[in-house]
Protein chains: 2
Amino acid sequence: MRKTKRVTISDIAALAGVSKATASLVLNGRGKELRVAQETRERVLTIAQQQHYQPSIHARLLRENRSHTLGLVVPEITNYGFAVFSYELENLCREAGLQLLISCTDENPGQETVVVNNLVARQVDGLIVASSMLSDSDYVKLSEQLPVVLFDRHMSDTRLPLVMTDSVTPTAELVERVARAHPDEIYFLGGQPRLSPTKDRLEGFKQGLERAGVALRPEWIIHGNYHPSSGYEMFAALCARLGRPPKALFTAACGLLEGVLRYMSQHGLLESDIHLASFDDHYLYDSLSVRIDTVQQDCRQLAYHCFEMLTQLVDENDPTPLQRHLPATLQWRHQASVSS
Amino acid sequence: MRKTKRVTISDIAALAGVSKATASLVLNGRGKELRVAQETRERVLTIAQQQHYQPSIHARLLRENRSHTLGLVVPEITNYGFAVFSYELENLCREAGLQLLISCTDENPGQETVVVNNLVARQVDGLIVASSMLSDSDYVKLSEQLPVVLFDRHMSDTRLPLVMTDSVTPTAELVERVARAHPDEIYFLGGQPRLSPTKDRLEGFKQGLERAGVALRPEWIIHGNYHPSSGYEMFAALCARLGRPPKALFTAACGLLEGVLRYMSQHGLLESDIHLASFDDHYLYDSLSVRIDTVQQDCRQLAYHCFEMLTQLVDENDPTPLQRHLPATLQWRHQASVSS
DNA sequence: CTGAAAGCGCTAACAC
DNA sequence: GTGTTAGCGCTTTCAG
């Protein structure tokens with residue numbers, strides 16, 4: 001099985017008694033306006049059918065200089081937000097006749113370089129990246145070769161195309177409310193302090209405190225990385241230091257919250273009255289015993305804008321604006337207030 | 001920008017003053033044993049470097065008849081289990097120099113056909129599929145063209161290569177314990193009754209009751225489909241019928257449980273003492289107020305076996321066995337018992 | 001209306 | 001040691 005020689009356009013041309021050129025025209029539906037005899041067309045078509053002719057995509061792609069393929073680079077596909085994003089993006093691609101190539105970096109810049117090179121070697125037509133890099137320089141260089149759209153994270157003052165959820169404002173709003181309830185103690189657990197999500201959410205955190213009239217204490221701010229284990233450890237250390245869980249806590253990403261929740265469940269803290277807040281939502285949060293207020297991103301819109309912008313760039317148009325900040329939604333679970 | 005003509009092997013051959021053939025040998029590292037002069041080799045290599053030579057993958061793939069690409073078809077990448085599976089599989093592929101193409105079907109056989117055709121048109125070297133089809137006939141036919149490995153679900157008595165978590169046994173064990181605690185009332189919420197996961201888990205459910213000495217009541221078994229909304233509706237209808245939530249419930253998949261939990265949270269049922277059990281685990285279940293006993297699949301092993309089997313088939317070997325059933329783990333959350 | 005031929009970029013026989 | 005050449009399967013002028 002499957003040793004069968006590929007049936008090529010020459011084969012069906014021969015069988016139909018026409019030339020490759022004619023066959024090609026017919027098979028690409030351009031037979032009509034290009035004056036191929038009705039009868040010839042039908043003959044070619046039915047023969048192609050019978051022989052289960054499938055054009056070689058590689059031959060075709062070799063001619064055009066496109067792969068009809070887009071690359072997506074995310075830290076973790078197992079992260080619910082990125083999964084939803086990927087799902088939406090894949091649908092958009094499919095509808096547009098593009099194939100999406102998804103690669104994960106594990107938040108590891110080294111691996112990110114590897115997978116990006118991979119995708120470039122595969123000649124993707126464009127790239128959408130949630131980068132774990134500290135600098136955009138690799139992508140600036142890469143942008144000379146092919147269109148690159150960054151999303152979810154940005155490097156300082158990058159001028160590359162970018163799609164982000166605006167996180168400062170909603171974080172500030174969220175934190176303000178929490179801080180009003182717990183003016184004496186509210187902690188911030190962040191990821192890598194130099195990555196933009198952490199920075200922006202910290203900025204929002206500070207603004208929120210300010211608006212609530214709460215003076216920031218330096219020890220409230222704790223940094224780790226985006227792995228759940230880091231969230232676990234930061235929270236464990238914090239509990240150890242305080243001799244009890246903190247009264248209120250904001251985690252800058254759902255991975256961190258995952259670690260915190262794991263610690264809490266292992267230590268019987270799930271019924272405690274710690275006030276949790278976080279960036280990123282998850283459908284299961286509705287069912288948790290601890291109530292968690294969150295900032296929810298609109299992954300669908302995120303995907304839509306990334307796609308739209310990238311395809312524009314691939315087609316050599318200039319989408320505007322080149323950097324887009326989308327609004328987020330707050331999910332209040334602590335009281336029966338308006339879930340805006 | 002990016003209008004720059006591609007630099008080909010002819011270019012660098014010309015620049016190095018050698019023939020394409022020599023350049024090709026050198027660039028593929030076969031220069032050494034094939035007696036290309038050390039000096040020539042270096043010259044070619046440095047020129048290639050300077051020119052940022054990148055071989056055209058399409059040209060290469062046109063020659064070999066391989067795409068170095070595997071296709072993965074899953075119902076939903078946003079489903080945590082499939083996300084973990086995809087993640088593991090992608091790693092295995094990357095390490096093997098393969099590119100993974102992921103497509104989602106939304107549990108929709110029509111869309112499944114579309115995405116599979118897509119992948120076949122892309123000339124994937126092999127296909128891994130969690131199918132929503134009722135019959136394996138499409139895949140039996142497809143297997144004549146390229147290797148196909150089914151996973152997670154199987155069609156009745158299919159002889160195609162298959163990797164599954166053994167679900168009957170662990171489900172029976174799980175249900176037995178639940179049934180001993182609630183011999184008078186234990187419901188089964190399933191997906192499409194004709195899909196194998198539903199059937200197997202129902203079989204396990206029945207065996208569990210039997211072992212517990214509980215007589216099955218037909219009204220305990222309720223079927224819908226795998227969408228969370230279906231879980232929601234089945235559960236809502238059940239509550240309406242009973243005038244209260246059921247005492248014990250087993251859901252056949254995590255999507256269904258998602259719907260049930262949504263209903264429960266919306267109706268203030270999360271603190272009720274309903275005994276929940278389900279197939280498929282999620283890390284957040286540890287943090288729920290309702291305790292849920294689950295059957296946890298080993299996605300990593302699942303991915304490993306699919307990959308190993310498929311690559312064997314691609315290389316025209318005969319992996320054995322051709323159908324593999326992997327063990328599951330029970331996660332008890334109702335009491336401090338051994339979490340096996 | 002249809003065919004011949006060139007060429008996309010690469011590799012592998014086979015010469016020299 | 002290195003060059004010549006053919007051919008992977010397709011599309012697209014350009015001639016009939």
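All chains are named by letter (A, B, ...) in the order of the sequence lines, taking the proteins before the strands, and each is independently numbered beginning at 1.
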> Describe, as an angle rounded to 10 degrees, how the axis at the first end of the helix from C:dC1-D:dG16 to C:dC16-D:dG1 is tilted relative to the axis at the last end, five pairs per end.
50°
> Determine whether B:Thr40 and B:Val26 make a side-chain contact, defined as any pair of heavy atoms from C-beta on separated by less than 4.5 Å.
no
> Could you check whether B:Glu64 pairs with B:Arg60 (Lys NZ or Arg NE/NH1/NH2 to Asp/Glu carboxylate O, under 4.0 Å)?
no
> So, for A:Arg159 and A:Asp136, which heavy atoms are closest and what is the spacing to 0.1 Å?
N-OD2, 4.3 Å
> When you compare the side chain of A:Leu89 with that of A:Leu70, does any pair of heavy atoms fall below 4.5 Å?
no
> Nearest whole Å is fine: how far is D:dG7 C1' from B:Glu64 CD?
15 Å
> With a 4.5 Å cut-off on side-chain heavy atoms, are B:His52 and B:Val7 touching?
no
> Along nucleotides 8-13 of chain C, 5' to 3', which nucleotides get a B, which get an S, and which get a -, given that the test is a protein heavy-atom distance under 4.0 Å?
BBBBB-
> Going through the distances and angles, do A:Tyr87 and B:Asp106 end up as a side-chain hydrogen bond (donor to acceptor under 3.5 Å, both in side chains)?
CA-CA 10 Å; A:Tyr87 168 83; B:Asp106 274 325; 2.7 Å; yes
> Nearest-Å distance, CD (B:Gln123) to P (D:dC8)?
15 Å
> Could you point out which residue of B:Glu112, B:His154, B:Arg153 forms a side chain to side chain donor-acceptor pair (under 3.5 Å) with B:Ser131?
B:Glu112
> Any idea how A:Phe82 and A:Phe151 line up, ring-wise: parallel (<30°), tilted (30 to 60°), or perpendicular (>60°)?
perpendicular
